[in-house]
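As a basis for the values below, the full set of heavy atoms in this structure was taken, side chains included, without hydrogen atoms, waters or symmetry mates. Heads up: numbering here begins at 1 and tracks the sequence.
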Amino acid sequence: MSNISNLDFSALKVSGENYLQWTLDAKISLRSKCLGECIVEGNNASEKENSRAIMIIRHHLMESLKEKYLTIENPLELWTELNMRYDHQRTVILPKAIYDWTHLRIQDYKTVDEYNSALFKIVSKMKLCGEIVTDKQMLEKTFSTFHASNVLLQQQYREKGFKTYGEFISCLLLSEQNNELLMRNSEMRPPGSKPLPEAHNASEETKEVNEANHVQHDNHGRSISFGRGRVRPDPGPKDPTRTRRLTLLNYVIFVLCKGSIVI
């Protein structure tokens, strides 16, 4: 397991189910180290280059495969042996990939991203097997498998004249995200409903209620406010004589101020 932990790419399985992907990864790895020529017929690679190449290939084999090809020291010879053993995988993978491509429909997926992932997985297998899949084919596959209720939408996308599948799928993903945003906004506050009160408005209403709670009434039913949070005791009944004097005095002052009495 310690050998597998430092792999640059997945090791070739004994069953050969990942052979096509493995050959692609192995070629890229060898080319990145200027060793791609080592697995080509009639190459002029040096002994040092061949040693480095065979080490990379063997390092990315499962243990049972390493044991089987233990005596092979030439990278081209090992590459040829593996090809003879596992190249039949193309005849197994290609029919399955073509079947999946034939029955692929965008209407069968909940999201555009799920459909896009499934499409590229199938296309990758077909290309590994030597099949050519163009942008035009991927566009037509998507347009022709829209749900019947989206015929108008499909026609609108066709009229836009997308040249590549990448452009089209980006537009489709953006439309889906905007759709989800509108749905979420609608669910948060249905049409016709009022927005929730803001925090400062709610605090002002609470303040008014609290102040109203501090208003008291005297024995004659008149309200008396003593300010926020403080309540003074009821002074009790007033002196009638004193009240009449104050009333008369207030009346005299009022008349004098209006200029109605001349002294």
Side-chain angles (χ1 to χ4, degrees), residues 1-104 109 111-135 137-138 141 164-167 169-170 173:
M1 295 299 294
S2 59
N3 293 333
I4 296 177
S5 61
N6 298 321
L7 298 179
D8 294 329
F9 51 92
S10 299
L12 177 61
K13 298 179 181 179
V14 179
S15 63
E17 60 187 85
N18 65 331
Y19 173 71
L20 297 179
Q21 181 64 48
W22 181 87
T23 55
L24 180 62
D25 292 336
K27 286 178 181 179
I28 293 173
S29 180
L30 290 171
R31 289 168 184 166
S32 69
K33 297 174 174 59
C34 299
L35 301 173
E37 187 182 355
C38 296
I39 57 174
V40 177
E41 289 284 351
N43 67 79
N44 297 317
S46 64
E47 184 177 351
K48 183 178 179 180
E49 289 174 333
N50 282 331
S51 297
R52 290 174 58 199
I54 193 72
M55 184 175 65
I56 292 172
I57 295 173
R58 286 181 54 79
H59 185 59
H60 292 86
L61 299 178
M62 298 298 289
E63 289 299 324
S64 58
L65 286 175
K66 287 182 182 179
E67 294 172 1
K68 181 175 178 59
Y69 300 107
L70 186 62
T71 58
I72 299 179
E73 298 182 2
N74 185 285
L76 176 58
E77 184 181 351
L78 177 56
W79 189 265
T80 304
E81 287 288 335
L82 293 172
N83 184 66
M84 291 174 61
R85 177 171 180 169
Y86 293 118
D87 194 52
H88 71 278
Q89 286 291 325
R90 297 178 189 274
T91 61
V92 176
I93 294 174
L94 183 58
K96 177 66 166 60
I98 293 176
Y99 175 86
D100 292 339
W101 171 263
T102 303
H103 294 86
L104 180 68
Y109 295 86
T111 65
V112 176
D113 188 56
E114 289 179 6
Y115 167 77
N116 190 47
S117 298
L119 180 139
F120 273 113
K121 185 177 180 179
I122 295 169
V123 169
S124 296
K125 289 180 180 179
M126 293 174 68
K127 287 183 176 180
L128 284 172
C129 294
E131 290 292 311
I132 297 175
V133 183
T134 64
D135 281 303
Q137 288 175 305
M138 290 190 286
K141 164 60 70 174
T164 65
Y165 174 79
E167 287 179 53
I169 208 67
S170 296
L173 285 167

Using a 3.5 Å distance criterion without hydrogens, assess whether the side chain of [X] forms a donor-acceptor pair with backbone atoms of [Y].
| X | Y | value |
| --- | --- | --- |
| D113 | L173 | no |
| N74 | E77 | yes |
| D87 | L82 | no |
| Y86 | V14 | yes |
| R58 | A53 | no |

Who pairs with K96 by salt bridge (Lys or Arg N to Asp or Glu O under 4.0 Å), at least two apart in sequence or on another chain?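 With neighbours one apart ignored, the set is D100.
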
Can you sort out the partners of D135 under salt bridge (Lys or Arg N to Asp or Glu O under 4.0 Å), two or more places apart, ordered by chain and number?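 Listed in chain order: nothing, the list is empty.
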
For the pair L128 and Q21, evaluate side chain to side chain contact (heavy atoms under 4.5 Å, CB included) and give the outcome as yes or no after the intermediate values. CA-CA 8 Å; L128 284 172; Q21 181 64 48; 4.1 Å; yes

Roughly how far, to the nearest 0.5 Å, is [atom2] of [Y] from [atom1] of [X]?
| X | Y | atom1 | atom2 | answer |
| --- | --- | --- | --- | --- |
| I57 | S29 | CD1 | OG | 9.5 Å |
| N18 | L24 | CG | CG | 12.0 Å |
| D25 | D8 | CG | CG | 10.0 Å |
| L20 | R90 | CG | CZ | 5.0 Å |
| W101 | K121 | CH2 | NZ | 15.5 Å |
| K125 | E131 | NZ | CD | 14.5 Å |

Could you pull out the closest heavy-atom pair between [X] and [Y], with the gap in Å?
| X | Y | value |
| --- | --- | --- |
| L78 | I54 | CD2-CD1, 3.5 Å |
| Q89 | E17 | OE1-CA, 4.1 Å |
| K141 | T102 | NZ-O, 3.4 Å |
| A97 | I122 | O-CG2, 3.4 Å |
| A118 | L104 | CB-CD1, 4.3 Å |

Please walk me through it: do R85 and L65 pass side chain to side chain contact (heavy atoms under 4.5 Å, CB included)? CA-CA 11 Å; R85 177 171 180 169; L65 286 175; 3.5 Å; yes

Show, in sequence, the C-alpha distance, side-chain angles and deciding distance for Q137 and I132, and conclude whether the side chain to side chain contact (heavy atoms under 4.5 Å, CB included) test is met. CA-CA 10 Å; Q137 288 175 305; I132 297 175; 5.5 Å; no

Is the closest side-chain donor-acceptor distance between N116 and Y109 under 3.5 Å? no

Got more than 12 heavy atoms from elsewhere within 6.0 Å of CD, E167? yes

Side chain to side chain contact (heavy atoms under 4.5 Å, CB included) between T23 and W79, intermediate numbers included: CA-CA 9 Å; T23 55; W79 189 265; 4.2 Å; yes

Looking at Y165 versus F120, is the centre-to-centre ring distance below 6.0 Å?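 Under 6.0 Å, so yes.
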
Run the side-chain donor-acceptor check on residues 40-47: report pairs under 3.5 Å with partners two or more places apart or on a different chain.
residue, atom, partner, partner atom, Å
N43, OD1, A45, N, 3.1
N43, ND2, E37, O, 3.4
N43, ND2, V40, O, 2.7
S46, OG, E49, N, 3.3

Take the angle between the ring planes of Y99 and H103 and call it parallel below 30°, perpendicular above 60°, tilted in between. tilted

Would you say M138 and V123 make side-chain contact, with heavy atoms under 4.5 Å?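 Yes, their side chains come closer than 4.5 Å.
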
